[in-house]
Amino acid sequence: FNPPSVANYVQKYDSVFYLRLKYTDSIGITRQCGEVCEKHGVSIHSILQNPITSMASAAFVIVTEKVSNTNMKKVVAELEDLDWVSGPAFWMPVLRPDWV
């Protein structure tokens, strides 16, 4: 049913990225995110935080400007080590051609 194809996987690429972090509310979260991104050359396009309705599901999203996935991996690793981050981050490249 599926014709054979050759898939080429790349290890390094540039993209806009979507990053979702679950967190425990604290002062300075936005500042720390900005500092970590700046340290690794990642520019923030937007941040979305909805009002907290349950601390068990508090999360916010960062969308970056186009950046290398290697720099993004460094940002994610450093953010995941911060005290206010609850669990692993979810991140992925944004594949909209008009965003890259």
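Position 1 is the first residue of the sequence; numbering continues from there.
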Peer 1: With a 4.5 Å limit on heavy-atom distance, are the side chains of Phe90 and Lys22 in contact?
Peer 2: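 SC-SC contact between Phe90 and Lys22 ruled out.
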Peer 1: Kindly check if the number of other-residue, nucleotide or ligand heavy atoms within 6.0 Å of CD1 (Ile27) is above 12?
Peer 2: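 Open: at most 12 neighbouring heavy atoms sit under 6.0 Å from CD1 of Ile27.
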Peer 1: Heavy atoms only: give me the nearest Ala89-Val76 pair and the separation to one decimal.
Peer 2: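 Of all heavy-atom pairs spanning Ala89 and Val76, the closest is CB-CG1, 3.9 Å.
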Peer 1: Are the side chains of Phe60 and Thr30 in contact, using a 4.5 Å heavy-atom criterion?
Peer 2: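 No, their side chains stay 4.5 Å or more apart.
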Peer 1: Checking Glu65 now: which residues fulfil side chain to side chain donor-acceptor pair (under 3.5 Å) with it, not counting sequence neighbours?
Peer 2: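 For Glu65, the residues satisfying side chain to side chain donor-acceptor pair (under 3.5 Å) (neighbours in sequence not counted) are His45.
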Peer 1: Name all residues meeting the side chain to side chain donor-acceptor pair (under 3.5 Å) criterion together with Gln49; count only those two or more places apart in sequence or in a different chain, and write none if there are none.
Peer 2: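 Tyr23.
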Peer 1: Which pair of heavy atoms, one from Val75 and one from His40, lies closest together, and at what distance?
Peer 2: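 Answer, listing the atom of Val75 first, then His40: CG2-CB, 3.7 Å.
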Peer 1: Determine the minimum heavy-atom distance between Ser68 and Asp14, stating which atoms define it.
Peer 2: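 Shortest heavy-atom contact: CA-OD1, 3.1 Å.
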Peer 1: Counting distance only, does the side-chain N/O of Asn69 pair as donor-acceptor with the main-chain N or O of Ser15 below 3.5 Å?
Peer 2: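 No, the answer is negative, given that no donor and acceptor are paired below the 3.5 Å cut-off.
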Peer 1: Please find the pair of heavy atoms, one from Thr24 and one from Ser86, that lie closest to each other, and give the distance.
Peer 2: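 It is OG1-OG, 3.3 Å.
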Peer 1: Between Gln32 and Leu82, what is the shortest heavy-atom contact and its length?
Peer 2: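 Distance-wise, the nearest heavy atoms are OE1-CD1, 4.1 Å.
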Peer 1: Once side chain to side chain donor-acceptor pair (under 3.5 Å) is applied, do any residues pair with Lys39, and if so which ones, sequence neighbours excluded?
Peer 2: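 Side chain to side chain donor-acceptor pair (under 3.5 Å) check on Lys39 returns Glu78.
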Peer 1: Would you find a donor on one side and an acceptor on the other, under 3.5 Å apart, between the side chain of Thr64 and the backbone of Val42?
Peer 2: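 No.
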Peer 1: If you compare all heavy atoms of Phe17 against all heavy atoms of Val94, which two are closest, and at what distance to 0.1 Å?
Peer 2: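 Answer, listing the atom of Phe17 first, then Val94: C-CG2, 4.0 Å.
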Peer 1: Check whether Val10 and Val6 end up in the same hydrophobic cluster, where Ile, Leu, Val, Met, Phe, Trp and Tyr are linked by side-chain heavy atoms less than 4.5 Å apart.
Peer 2: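 No, separate clusters.
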Peer 1: Could you tell me whether the side chain of Leu79 reaches within less than 4.5 Å of the side chain of Cys33, counting heavy atoms only?
Peer 2: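 Yes; the side chains approach each other to less than 4.5 Å.
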Peer 1: Should we say atom CG of Asp25 is surrounded by more than 12 heavy atoms from elsewhere, each under 6.0 Å from it?
Peer 2: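 Counting neighbours around CG of Asp25, more than 12 heavy atoms of other residues, nucleotides or ligands fall under 6.0 Å, so yes.
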Peer 1: Give, for atom SG of Cys37 and atom CD1 of Ile62, the distance between the pair rounded to the nearest 0.5 Å.
Peer 2: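 Taking SG in Cys37 and CD1 in Ile62, the distance rounds to 5.0 Å.
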Peer 1: Is it possible for you to say whether Leu19 and Tyr13 belong to one hydrophobic cluster, with membership spreading through side-chain heavy-atom contacts below 4.5 Å?
Peer 2: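 The answer is yes; both residues are in one hydrophobic cluster.
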